[in-house]
Amino acid sequence: MSDAVITQEPARSAAVQSRAKVVARDVNVHYGDKHALQQVAIDVPEKAVTAFIGPSGCGKSTFLRCINRMNDTIPICRVTGHIEVDGRDIYDPEIDVVQLRARVGMVFQKPNPFPKSIYENVAYGPRLHGLASTKAELDAVVEDALRRASLWNEVNDRLDQPGTGLSGGQQQRLCIARAIAVNPEIILMDEPCSALDPIATARIEELIDELIENFTIIIVTHSMQQAARVSQRTAFFHMGRLVEEGPTEQIFSNPKDRRTQDYITGRFG
Amino acid sequence: MTDIPASGPAALRPALDVTSDAAKLRIRARYRSERRFRALGIVALSLTTLFLAFLLVDVIRKGLPVFTAHSLVLDVTVPQDAIDPSGRRDAAAIRGADLYPVTRDAMKAAVPGVQGRSAERTLTRLLSVGATADLVERLVAEPQLIGTPLRTRLLLSDDADMFFKAKHEVTSAPGRGVATPDGVSGTVTVTLSEPGFAARLAAVKAAHAASAQVLRLEAERSARQGAVERAKDAATKADALAAKAAAKDAAETLDDTLPSLLVALGGGLVKIETLEASRATGVVLLPFAEAKAYADWRIVAFERPASERKITDQEIAYLEHLRATGKVEAHFNTRFFTSGDSREPELAGIRGALVGTAWTMLVTLLLCVPIGVLAAIHLEEFAPKNRITDLIEVNINNLAAVPSIVFGLLGLAIFLNFFDLPRSAPLVGGLVLALLVLPTIIIASRAAIKSVPPSIKEAALGVGASQQQAVFHHVLPAAVPGIMTGTIIGMAHALGETAPLLLIGMVAFIVDVPQAITDASTVLPVQIYLWSDLPEPAFQQKTAGAIILMLVFLFVMNAAAIVIRRRFERRW
Amino acid sequence: MTLLYFLIMALLTAGAFVAARRRAVAVAGGHQAALHSRPNHHGYLAAFAVLLPMLAIFSFGMPFVERAAKSAAFATMPAEITADVLKRAVATRDIENFATGKFAGEAPRAVKEAAAALTSTRENGRATVFGLGLLTAAAGFLLVRGRITLAFRARNRFEAVVRIILIACAAIAVLTTIGIVFSVLFETFRFFFDPSLKGRPTVSEFLFGTEWNPQAAMRADQGDIRTAFGFLPLLTGTLLITLIAMLVAGPLGLFSAIYLAEYAGPRVRGAAKPVLEILAGIPTVVLGFFAALTVAPLVRAAGERMGLDVASESALAAGLVMGMMIIPFISSLADDVINAVPQSLRDGAYALGSTKSETIRRVVLPAALPGIVSAFMLAVSRAVGETMIVVMAAGLAAKLSFNPLDAVTTITVQIKTILVGDQEFDSAKTLAAFALGFVLFFVTLVLNVIALQIVRRYREQYD
Ligand SMILES: Nc1ncnc2c1ncn2[C@@H]1O[C@H](COP(=O)(O)OP(=O)(O)OP(=O)(O)O)[C@@H](O)[C@H]1O
Ligand SMILES: [Mg+2]
């Protein structure tokens, strides 16, 4: 079924190297009367980093939040269209949001650790979904997540201290650890580095490089350099529309659309 | 593609499993707990709403009857020599006259067969002690009516009034067969042509059986608790009652723990004392003409047993007769609003408390609004941001949470004891309440002032106004709606406040309506407290009535606050 | 008299304004711009110079006159009457009634004489106040008027006065606290340490005594009735009722708040908010009536059905209704606190696949915990200090019991019981009420200060 949909897609600019993990068609989002996203269609490849770029207010976050249905928590928000993860329509009433979000994790712009200990922050998700049945197992899961978020060495001696006491960059990595502790398949990152200094940003970018071995990552960023550094594919949004999408090198070196060109050369945005 | 395909192998652990039975069970359990949690919220809100509804319905149900009163409407003639023998039409003399003979005669004319002093007294005690007050005032106003026949209202006593307000006290059913009394006064025996009392007799026996059951249980409980004497006692009583109940056709003596049964025939009324299936013996409460066979007779029951009411069978008989002959009138209870407190429930009114409340609120308002607003202006606009200001702020916030009775202690120690101000006076009450609501008003006024955008003040300063001029001419007027809503809410709070006023002596029994802020008086909530403490059911009703009135005031005040907020409060 | 004084005060104030204003205009002589301050400011200043001294003299003079009149009246009376509190109270009433012509029947000579003294001192005193008021008004006006020149900074002077008034108003709130502390502390100190006080307890007898029987102190001659000022039964009674109230209001208030803040749509909110506001606005005397006449009999009847022995003034009934009173209090405080938890925390939890209730229970409530704790503390403080519900629905006799079906008494009930009616300020019984008041004030103050501090810090954390 999803294959059929994909073959109908006309604007496929470059061959998708791996399988499409997320497929979106005709996505429209309204906030009350405001039409925030119009007719968005995209394929997101598996085990790769896709970057969403575009001027402020163009709908990047909105679209990102559609992919794990975080928009459900906003009462005035209305999403129509079709989004599939692994070929399954996630807006199907049969789909369970809670399980969906366990498979599609999210990291936010501002680090938002829970006001609990570092350990509890990471253990929260696994407990929720019953991923560990014993304390030892849970300890292992927490350690693994912290290691993969390359935070373990910095915090292993103070796991019982509040997560809010870490530095901004550490907090953000803690949030990443928290997200990957559930072992999701996709991680959505909404400007994960915008509140961080360049060194912390570099650490996160390194981390992203490591994570694509196991995860599919979608990252929203305002930094063209960051998009160029970490992503394999890039999508450019403008005024609620997906203007252009393709391999990152191509978007940056040879954009098809005038607006993309203007944006990446810094003429607006 | 209905299944979710497994994703690529994760490095260390398998991906989240959502399809296995265990996972499905788990998710179902999670959603169940979700629903439970949500239901808890709904239950909490519903319970709260239910509480409130119960409270309001209870108070209104208890209090509404207070707004009607029952009076007798009788024809009387007040003879000249009874009320104004001097003929000078002197108001004081008319007011001081003894009208007992007049009302007594009017009532005897309305009720047949009242002979002898004690019967007269029973009859006239149905009237309030202030029954003739309205009549006397009318005669003072129009002295030419003296000596002429008049139709007048005579207020009934609280017991009589309460009797008419209680529903379903008296039931009446046609009797079977022919009833023949063997006399017309004193104790008579009524014989029936067929067993017309059988059903009633059975009901009495059933009641005995039920009581016996209860007594048995009590005996058992007492025995278990080791109270041997009590247990024995109860058991004996139970046996006696059970024996009575078992003897199907034996006569029964009706005591005051059972509903009163009466026979109505020929316009008269006989109260049954001993009952058999086709015969009854009792006393005549209302007379009938002759001892003959009556085919048209009725069984009347006063359902509430005499031991549970304050009014006797004889009195009910009189009242029912008066009602049947159209002499009883229910009317709006104006006295409730026009008179002060009284020891007689039917005469007590809330005027004194209302006027006292008005004086007290006036003092409170005049003190706390200027002081509160000026203090708020100081704190918000002029006070330097330093430790002292901080302290004042903390102090105000804490003062708002100090128990109100502590303000009563303050009033007692400082205003009464130290300054020697008069006890029970609205002046002191107003002072104490002003201090009590001051924090509320300061906090609300500060919020109102703060919400005025600084640009307004800056504009005024820009054209050369002084800081004070800018504040008083521009900021303060813009903050008025907010200050007003805060003030109304504060005053509503003060209106219902009781505890501190008790301590400064506003609990005295005061009949007079206060004329000044230094007169002894009481206020509405304290009046409610005082009445609620009195044993008469009629006062309970007054309490609920006064509560309704107070809630109406509060409702109006809060509605006004909401209207002001909606209409005038600008969102900048 | 009072009315006349205020009338004259109003007239003089207005007159001073007009006169000073005229004077300023005249001084300017057509060049109003030459005046440092507007004529109106000269007027305001003069008006204040009249109004403030007159007000001050009246409000301090009149109570002083009343005092003087009363002591003049007592001076004519024999010492045996003035020494005894009850006799003195009766005499005061008689004298006052006679002086105002409300005395019923023939008054004794002593009363007549005392009333004469009272009346004459009072009249003289009032005349003095009147005269002084007029004098200061005139002086104030002349002072201002004499200084009106082109350069006179009337506006600055006026604003300085206003400034002082503003500060004085703000200071009243502080003065109130000082007044409270002073009055309860002073009498409490006398209660424990005044050597002339008969029957006073030691501090430890008060704090740890298990018997409370202040009534006996009134009848010192009846030696066999033991006066006792053991505070423990009052404390346990207060705590028992507070506990019941919190058991009702805690869950109901908290869950209402959670539902309103997290689940309810605008329609439910719109319907539920007024319910809570109405409940919050119901005077406690009404709740007391409801508790005593409706809930208590219901509780009793229900208890009897279950074969339990329930006192007709059971702690349960009072506690239940007090809980009702506190529900809206907790729910509105908790609602604020829950709403202050940043959305980003909720988002974080949702993004991990939490259900709504998991988000609330595991993330929102722990984050809001300090605020909720302080809401509960404020609620406890309310419950401990609540008077009318317990006065009407709880018992009078002190009983050391934790059984909710027993009748227990509370601190506030005892304060009210002791202080309503005639009281003498020199008896241990009356002073005991102030000692209770001190405990009450102290306990609630500590609860409030801590709670408000927690809330403050909590707000700063999420601002
Ligand atoms: N909760 C909301 N309610 C109403 N409108 C919203 C809401 N969230 C976003 N919008 C609107 O939807 C549009 C898209 O917002 P979105 O947050 O997706 O932009 P963005 O591309 O992420 O911008 P930025 O780079 O600044 O984060 C904006 O115009 C915004 O005003
Ligand atoms: Mg965004």
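In what follows, chains are A, B, ... by sequence order, proteins preceding strands, each numbered from 1.
For chain B, the option among C/Ile165, C/Leu252, C/Thr412 with the highest count of heavy-atom pairs below 4.5 Å is C/Leu252. Ranked by heavy-atom pairs under 4.5 Å with chain C, the list B/Phe555, B/Phe418, B/Tyr31, B/Phe407 is led by B/Phe418. With chain B as the partner, the residue from C/Glu262, C/Arg163, C/Arg382 showing the most heavy-atom pairs under 4.5 Å is C/Arg163. Counting heavy-atom pairs closer than 4.5 Å to chain C, the top residue among B/Ser33, B/Ala400, B/Gly372, B/Pro403 is B/Pro403.
Within the 4.5 angstrom heavy-atom criterion, only side-chain atoms of C/Val184, from C-beta onward, approach chain B. Within the 4.5 angstrom heavy-atom criterion, only side-chain atoms of B/Val394, from C-beta onward, approach chain C. In this structure, the portions of B/Ala544 lying under 4.5 Å from any heavy atom of chain C include both its backbone and its side chain. Contacts between B/Leu45 and chain C at a heavy-atom distance below 4.5 Å involve backbone atoms as well as side-chain atoms.
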Report task. Check step by step if side-chain contact (heavy atoms from CB on, under 4.5 Å) holds for C/Leu298 and B/Phe54. Result -> CA-CA 13 Å; C/Leu298 280 182; B/Phe54 182 29; 3.8 Å; yes
Query raised in the report: When you look at C/Glu159 and B/Ser466, which way does the side-chain contact (heavy atoms from CB on, under 4.5 Å) test go after all the steps?
Result: CA-CA 9 Å; C/Glu159 293 195 343; B/Ser466 72; 2.5 Å; yes
Requested in this report: Mind running side-chain contact (heavy atoms from CB on, under 4.5 Å) on B/Val406 and C/Leu440 for me, showing each step along the way?
Outcome: CA-CA 8 Å; B/Val406 172; C/Leu440 182 64; 4.1 Å; yes
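Sequence neighbours left out, the pairs with a member in residues 43-59 of chain B that pass side-chain hydrogen bond (donor to acceptor under 3.5 Å, both in side chains) are B/Asp58-B/Arg61, B/Asp58-B/Lys62, B/Asp58-C/Thr294.
A distance of 10.5 Å separates SG in C/Cys169 from CG in B/Leu379, rounded to the nearest 0.5 Å. To the nearest 0.5 Å, atom CD1 of residue B/Ile414 and atom CD1 of residue C/Ile178 are 11.0 Å apart.
Shown are C/Val295, C/Ile278, C/Ile282, C/Val321; of these, the side chain to side chain contact (heavy atoms under 4.5 Å, CB included) with B/Leu55 is made only by C/Ile282. Paired with B/Leu52 under the rule side chain to side chain contact (heavy atoms under 4.5 Å, CB included), one option of C/Leu279, C/Leu276, C/Ile327 passes, and it is C/Leu279.
Taking a cutoff of 4.0 Å between a charged side-chain nitrogen and a carboxylate oxygen, C/Lys356 and B/Glu34 do not qualify as a salt bridge.
Between B/Ser532 and C/Met392, the shortest heavy-atom contact is OG-CE, 3.1 Å. What you find for B/Gln469 and C/Arg155 is that their closest heavy atoms are NE2-CD, 4.0 Å.
Checked by atom type and distance alone, the side chain of C/Arg361 never pairs as donor or acceptor with a backbone atom of B/Phe37 at under 3.5 Å.
Environment of CZ in C/Phe60: sparse, with no more than 12 heavy atoms of neighbouring residues, nucleotides or ligands closer than 6.0 Å. By the 6.0 Å contact criterion, CG on B/Leu217 is enclosed, its count of non-hydrogen atoms from other residues, nucleotides or ligands being greater than 12. Within 6.0 Å of the CZ atom in C/Phe442, the count of heavy atoms belonging to other residues, nucleotides or ligands does not exceed 12.
Residues C/Phe289 and B/Tyr529 keep their aromatic ring centres 6.0 Å or farther apart.
Partners of C/Leu445 under the side chain to side chain contact (heavy atoms under 4.5 Å, CB included) rule, at least two apart in sequence or in another chain, are B/Asn398, C/Phe441, C/Val449.
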